[in-house]
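Report on the structure given below.
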Amino acid sequence: MVKSSIKRINKAIGANGIFLIVVAAALLIAIYIIMYQFTRNEINEDVKLRAQSELSAKSLTIQKIMNEVETAVRNHADDVTRFINHPDSMFSVAKNLVELNPNITGSSVSFIENFYPSRGKWFEAYAVRDSVGNISTMQLGSETHDYFKSEFFIKPVNLGKAVWTNPYLDSEGAKMMLTTYSVPIYDNQGKVIAVLDADISLDWLDEVLTVEYAYPSSYHVLLSKTGQLMSVADRNFLMKTIPEMSESYGNDTFLPLNDGMLSGKTGETIIVDKKGNKYQSFYMPVDDDTGWSIAIINSEKEIFADFHKMRVTLLWLSIAGFLILVLIILRTILNIKKLEKVSTERERIRSELQIASSIQSGMLPKENVLEGANEKIDIEPYLEPAKEVGGDLYDYFIKDNFLYFCIGDVSGKGVPASLFMAVARSLFRALASNSVEPSKVIYGMNNTLAEFNEKEMFVTLFLGILDLKTGRLNYCNAGHDAPVILDSNGVDSINVFPNLPLGIFPDFDFKQQMVQLRKNSILFLFTDGVTEAMNIEKEEFGEERLMRDLKKIYSNKLNISPKELISELLFMIKDFVGKAEQSDDLTMLAFKFNRSDSFVEQHISLKNNINEIGKLNNFVENICTQQNLPPELIMDLKLAIEEVVANTINYGFDKIEDAKISVSLKFKPNEVLIEIKDNGKAFDPTISSEVNIDAALEERTIGGLGLFLVKQLTDSISYRRVDNLNILSLSKNYNNNNNNNNNNNN
């Protein structure tokens with residue numbers, strides 16, 4: 001039986017069986033050595049991480065309490081100023097500060113020399129907590145306690161700011177080792193008249209630092225920025241330096257620890273005692289304000305105690321591994337065959353994904369120029385998925401002289417996102433072709449996606465419908481990044497309502513908005529793959545960089561085409577990302593409205609003076625009359641424009657010397673477009689609350705009735721803030737045929 005088994009093994013491994021076993025034995029030894037080193041390195045790394053965690057936790061605890069002390073002192077500074085004429089009240093201020101803050105040992109209000117002549121040269125109202133928690137007060141300043149020479153008084157007076165002192169022994173007040181936080185107090189002329197401070201006991205620091213050590217013999221070191229030991233296991237060296245401790249121990253290996261801690265950096269070093277025992281020391285700064293540094297010292301004997309016990313176990317495991325390795329050799333051939341089968345399946349899946357990518361790409365429009373009845377649109381799309389298939393989408397088409405377009409980003413990546421994207425794109429095509437209201441299209445898409453959304457996916461989407469005759473863009477945003485308009489007014493994002501993404505809740509009430517596009521303006525749309533593109537340092541491209549680059553590109557070439565814009569921006573993104581792997585789908589869409597303006601435009605510049613209203617009314621009256629507008633329409637326009645301009649003159653500038661106001665009117669065949677610009681303080685009148693016209697006069701908000709009047713007199717109102725200019729756009733529709741008939745009758 002045994003002989004037959006040996007024969008089967010020899011047959012399985014072939015003539016080189018013995019050689020393979022020798023190789024396996026050598027491999028076993030190598031594995032043992034590697035595992036030994038790897039485990040030791042892992043333990044070292046674990047110790048380092050644990051030490052850093054302990055140091056961070058203790059640093060945060062110290063910072064938290066010190067921040068509480070700083071806040072408490074700053075909050076009580078006003079009490080000193082409030083009761084400055086009552087010197088005895090200073091004792092209450094100090095006592096109240098100590099009572100309300102258990103971490104504070106003592107507090108004093110120390111005044112400049114002879115501030116209270118009746119109290120003498122020194123006046124220091126001091127409160128201190130004793131060992132049983134009782135708080136007493138005293139006048140501490142005197143010739144023997146000349147606080148004018150103390151660091152806690154000198155530094156805040158000279159520097160004019162709050163400071164933490166170096167640790168010191170308070171032999172007269174708290175009678176213990178302290179560090180103090182001091183804040184200067186100013187009079188009405190900005191002169192320092194006193195210092196309010198709070199003392200923290202170094203004994204408290206010991207209590208914070210000696211909690212929850214990883215190893216029994218571990219201990220800590222807390223060093224001030226001047227190199228004094230504020231906390232140390234051997235209390236004999238308290239307030240001394242590490243070089244002094246090193247000299248006493250006869251151990252120079254402490255000196256690198258001293259240099260590292262004083263440098264204010266994070267690091268580690270090895271300490272060796274006289275017996276040759278090694279200690280791992282890790283250090284890091286506590287914070288920038290105090291300049292303190294904290295370290296923890298761990299014995300390598302304790303660190304690797306369990307590891308040495310594990311070596312025997314590791315040896316037995318290695319022997320067992322050798323036997324297993326022999327069996328692995330026998331099974332290698334079978335595994336290779338299985339691997340070939342898996343590789344074949346993987347290639348099949350990859351091929352299918354490539355086909356899916358081609359199908360997905362084929363669903364997207366490719367036209368770069370779209371033409372309506374009398375207008376044309378230059379358009380440039382760009383989509384680069386992070387995987388074979390992606391979840392970003394865009395689409396656009398023209399129907400009845402309206403440009404319908406959208407851009408979106410499905411949650412997640414890969415095949416599920418691509419399928420959700422295909423459904424969303426199909427819904428856009430089906431619903432948009434039957435409506436010119438973006439909110440209705442968005443509403444229908446959302447309800448359908450939410451109804452069949454078992455995987456709880458969602459898609460952010462921006463959907464716009466552009467009237468190619470008027471340049472009016474109606475849009476609705478469902479949680480997507482706001483597009484950017486590049487026109488003669490500059491480069492700025494469109495204001496968008498914070499609607500929810502699609503597919504989350506059915507029957508959500510999506511808000512629709514409108515903006516007027518100018519001649520040759522470019523609308524740039526993008527997904528978060530642009531702003532969240534990361535370089536190898538994990539830094540994101542970001543919205544601020546995007547806006548800065550768009551302004552740079554547009555300022556260099558005002559008549560830039562969408563293709564040139566996308567190309568230059570893509571180069572900047574790729575240059576920023578460098579060799580980093582693409583983490584998300586990258587999608588951009590830009591189109592240029594090449595409208596040939598067929599309207600008359602007039603404008604007027606006004607001064608910041610209410611007397612300019614008469615000039616404004618004459619301007620509106622004259623040019624509207626020239627355009628044969630009916631008197632009642634002219635009156636409506638005059639009232640609406642006058643209300644906005646008068647409100648700007650009365651409330652908009654607030655001491656701005658170079659005040660500028662301009663009003664422009666554009667006359668289309670059936671519409672008047674009004675644009676009012678000023679360089680006053682930012683104010684969006686469209687977000688004011690609705691006025692209650694039935695309320696009593698004294699109950700109405702200021703300005704609300706004026707905005708109500710403007711809305712009643714016009715058909716649309718929108719606001720933008722571009723290059724420090726308020727831009728308010730109004731429009732008024734009218735029947736041009738009636739006007740022509742009236743002219744003929746006349």
Can you classify the ring geometry of Tyr147 versus His145 as parallel (below 30°), tilted (30 to 60°) or perpendicular (above 60°)? tilted
How long is the span from the OH atom in Tyr126 to the OG atom in Ser110, to the nearest 0.5 Å? 10.0 Å
Step through the shown structure and confirm whether more than 12 heavy atoms of other residues, nucleotides or ligands are within 6.0 Å of NZ on Lys551. no
Return yes if some donor-acceptor pair links the side-chain N/O of Glu268 with the main-chain N/O of Ile270 below 3.5 Å, else return no. no
Which value, rounded to the nearest 0.5 Å, describes the distance between Met588 atom CE and Leu569 atom CG? 5.0 Å
Between Thr179 and Phe152, does a side-chain contact (heavy atoms from CB on, under 4.5 Å) hold up when you go through it step by step? CA-CA 9 Å; Thr179 181; Phe152 78 85; over 6 Å; no
Test log, rule side-chain contact (heavy atoms from CB on, under 4.5 Å), inputs Thr531 and Glu540: CA-CA 7 Å; Thr531 53; Glu540 292 187 350; over 6 Å; no
Quick one: closest heavy-atom pair of Val73 and Leu196, and the distance? O-CD2, 3.4 Å
Heavy-atom distance under 4.5 Å between the side chains of Met284 and Ser56, does that happen here? yes
Work out which heavy atom in Lys95 is nearest to a heavy atom in Thr137; give both atom names and the distance. CB-CG2, 4.0 Å
Can a salt bridge be assigned to the pair Asp199 and Arg129 using a cut-off of 4.0 Å between side-chain N and carboxylate O? no
At their closest point, which heavy atom of His76 faces which heavy atom of Ala72, and how far apart are they? ND1-O, 2.8 Å
Rounded distance (nearest 0.5 Å) linking atom OG of Ser263 with atom OH of Tyr283: 5.5 Å
On the 0 to 90° scale, with breaks at 30° and 60°, tag the Phe576-Phe541 ring pair as parallel, tilted or perpendicular. perpendicular
Side chain Gln139, main chain Arg119, donor-acceptor under 3.5 Å: no
Quick check: closest heavy atoms across Ala580 and Asn535, and the distance to 0.1 Å? CB-C, 3.5 Å
Is Asp575 reaching over with its side chain to a backbone N or O of Phe571, donor-acceptor style, under 3.5 angstrom? no
Do Val232 and Met245 have side chains that get closer than 4.5 Å, going by heavy atoms? yes
For the student: nearest non-hydrogen atoms of Gly264 and Pro285, plus distance: O-CG, 3.4 Å
Taking the side chain as every heavy atom from C-beta outward, state whether Val128 and Met138 have any pair of such atoms under 4.5 Å apart. yes
Measure the acute angle between the ring planes of Trp164 and Tyr181, then classify it against the limits of 30° and 60° as parallel, tilted or perpendicular. tilted
Between Lys64 and Glu68, does at least one N-O distance fall below 4.0 Å, as a salt bridge requires? yes
For atom CD of Glu456, decide whether the heavy atoms of other residues, nucleotides or ligands shown that lie under 6.0 angstrom number more than 12. no
Atom pair CZ/CD1 of Phe148 and Ile112 - distance to nearest 0.5 Å: 8.0 Å
Taking C-beta and beyond as the side chain, do Phe254 and Ile297 meet within less than 4.5 Å on heavy atoms? no
Ignoring hydrogens and angles, tell me if any N or O in the side chain of Thr269 forms a donor-acceptor pair with the backbone of Leu257 under 3.5 Å. no
Non-hydrogen side-chain atoms of Asp481 and Thr460 separated by less than 4.5 Å: no
Do other residues, nucleotides or ligands put more than 12 heavy atoms under 6.0 Å from Lys265 NZ? no
Can you find a side-chain donor-acceptor pair between Ser142 and Thr144 that sits under 3.5 Å? yes
Test ring pair (Phe, Tyr, Trp, His ring centres under 6.0 Å) applied to Phe526 - qualifying residues, sequence neighbours left out: Phe524
With the side chain counted from C-beta on, respond yes when Glu539 and Met534 share a heavy-atom pair under 4.5 Å apart, and no when they do not. no
Pairs where residues 242-261 contributes a residue and the test salt bridge (Lys or Arg N to Asp or Glu O under 4.0 Å) is met, not counting sequence neighbours: none
Can you measure from CG (Leu100) to CG (Leu97) and round to the nearest 0.5 angstrom? 7.5 Å
Counting only heavy atoms not in Gln52 (residues, nucleotides, ligands), do more than 12 fall under 6.0 Å from its CD? yes
Nearest 0.5 Å, what's the CD1-CE distance between Ile200 and Met66? 5.5 Å
Ignoring hydrogens, what is the shortest heavy-atom contact between Pro87 and Phe123? Give both atom names and the distance. O-CZ, 3.5 Å
Whether Ser182 side chain and Val195 backbone form a donor-acceptor pair below 3.5 Å: no
Begin with the C-alpha distance, continue with both residues' side-chain angles, and end with the deciding distance and a verdict on side-chain contact (heavy atoms from CB on, under 4.5 Å) for Glu70 and Asn67. CA-CA 5 Å; Glu70 292 175 0; Asn67 288 339; 3.6 Å; yes
Can you name the residues that form a salt bridge (Lys or Arg N to Asp or Glu O under 4.0 Å) with Asp549, not counting sequence neighbours? none
With a 4.5 Å cut-off on side-chain heavy atoms, are Asn101 and Val69 touching? no
Classify the side-chain pair Thr527/Asp392 by whether it contains a donor and acceptor separated by less than 3.5 Å. yes
How far apart are the C-alpha atoms of Ser293 and Leu262, what are their side-chain angles, what is the distance that settles it, and do they pass the side-chain contact (heavy atoms from CB on, under 4.5 Å) test? CA-CA 7 Å; Ser293 184; Leu262 288 178; over 6 Å; no
CG (Asn41) with more than 12 external heavy atoms under 6.0 Å: yes
Could you tell me if the side chain of Glu300 sits less than 4.5 Å from the side chain of Asn277, heavy atoms only? no
Side chain of Asn75, backbone of Thr71: donor and acceptor closer than 3.5 Å? yes
